[in-house]
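These notes concern the structure reproduced below.
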Amino acid sequence: MYILVVNAGSSSLKYQLFEMEKEVVLAKGLCERIGLGESAITHKNLVTGAEHKAVVDMPTHNEATKVMIDCILDKDFGSLTDMNQISAIGHRIVQGGPWLTKPTLVTDEAIKDLNRCIVLAPLHTKPHLQGIQGCLAVMPNTPQVLVFDTSFHATIPEKASFFPIDYDVAKRNNIKRYGAHGTSHRYVANEAAKYLEKGKSAKIVTCHLGNGSSISAVMDGKVMDTSMGFTPLDGIIMGSRCGAIDPAVVPFVMEAEGISAADMGNWMNKKCGLLGVSGVSSDLRDVKKVMKGEDPNNMDKVERARLAFDILVYGIKKYVGSYTAAMNGLDAVVFTAGIGENDPDVRYETMKDMEFFGIEVDKDKCYNLKSLPAPCDISKDGSKVRIFVIPTNEELVIARDTKELVANL
Ligand code: ADP
């Protein structure tokens, strides 16, 4: 059985083609600059290693979908011979709102509900709808499934998901903590549970640390709390997002700096975080280079870069501590995504001096992951809490959910 997983962004379309018996990725690719001119596709056949890059006219996601399918069926670098070999398409959807909380087959009803989510996540939902339309136009007879980043967080109890604002305003506008990265938290929490004595009933803190970062408390396989909120702006410091700040800062800065409401959203999403504090970059690698005095062009920013790094580490520590309290215990901490998987300094600095919680990190293991078998346990022998580094695989979860849903059609 072949499943195509699609992740449509405003000007991009990422995809992976899965063979589901062995759960292997046969091909993956990316359409870029859709609707912007000079659009291009990069496609890779992961079985033969053949790669194809081309500049192709893609004014909308419809053309991008067609180009993607042409690549998958190409006789030189493709993987399949007939489009109908693809049993179903799974779409990664960032926000399902209160209406869509589990994998859902694309129907007129589902599209209506997804349209209601535009107000909650306009930047993501509109491109998702375009991606779905593109697939419907090119493959009208292939079942399509929506898999939501917010689904895994739907179990968060109201005491953790309801913001203490006017009850009627919150309800009228569907304002609550929806969280994000749920598919990633779900994947790594499930993987971690396989290696823990308590299995699914374990208490786990999952740290998805990338450009956008979120931390979740998972107990009995369910999310109890998560750091991202109504939008992905909440929580810890991120590449260019501020994370949680005193809400009074918002109107204060707008007035002090003469910033409009629309620009304020942009400022908090694009100009703050590691970038805003360090004055260097939203990429942690750049920030660390400056912090270590290894960037001759930014020697005046060493202290600011150090501050940005320290805020990140301190923020992660606070979440691990508070979620341990919330769950009344902790069996494992999991690190994943760009920073979590690749940055030993962040892992070590966040996990050290946490013996009080039963967390003991092994410095050698933390810095030398390659020698460790899955799930890359970097805790000391005898540490009460295990510390795992698990590469995330959101696409596989989407493919599995899609397979399961269409199997029951
Ligand atoms: P996104 O949220 O866009 O999916 P990623 O998960 O790819 O982001 O993570 C991007 C972040 O990961 C960047 O801050 C980058 O600096 C960091 N990162 C990626 N590779 C490394 C590495 N080898 N060492 C340290 N940090 C890394």
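Counting starts at 1 for both ligands and their atoms, in listed order.
Listed by chain and number, the residues in a side chain to side chain contact (heavy atoms under 4.5 Å, CB included) with Asp149 are Arg92, Val94, Thr183 (sequence neighbours excluded). In this view, Asp310 and Arg306 satisfy the side-chain hydrogen bond (donor to acceptor under 3.5 Å, both in side chains) rule, not counting sequence neighbours. Here Ser216 pairs with His185, Thr226 under the side-chain hydrogen bond (donor to acceptor under 3.5 Å, both in side chains) rule; sequence neighbours left out.
Figure legend: Lys363 and Tyr348 shown as a cation-pi pair, the cationic atom lying under 6.0 angstrom from the six-membered ring centre and within 45 degrees of its axis.
A heavy-atom cutoff of 4.0 Å around ligand 1 is satisfied by the protein residues Gly210, Asn211, Gly212, Asp283, Leu284, Arg285, Ala337, Gly338, Ile339, Asn342, Asp343.
Below 30°, between 30° and 60°, or above 60°: for His181 and His208 the angle between ring planes is below 30°, a parallel geometry.
Inspection of the Ser379 and Asp377 side chains reveals an N or O donor paired with an N or O acceptor under 3.5 Å.
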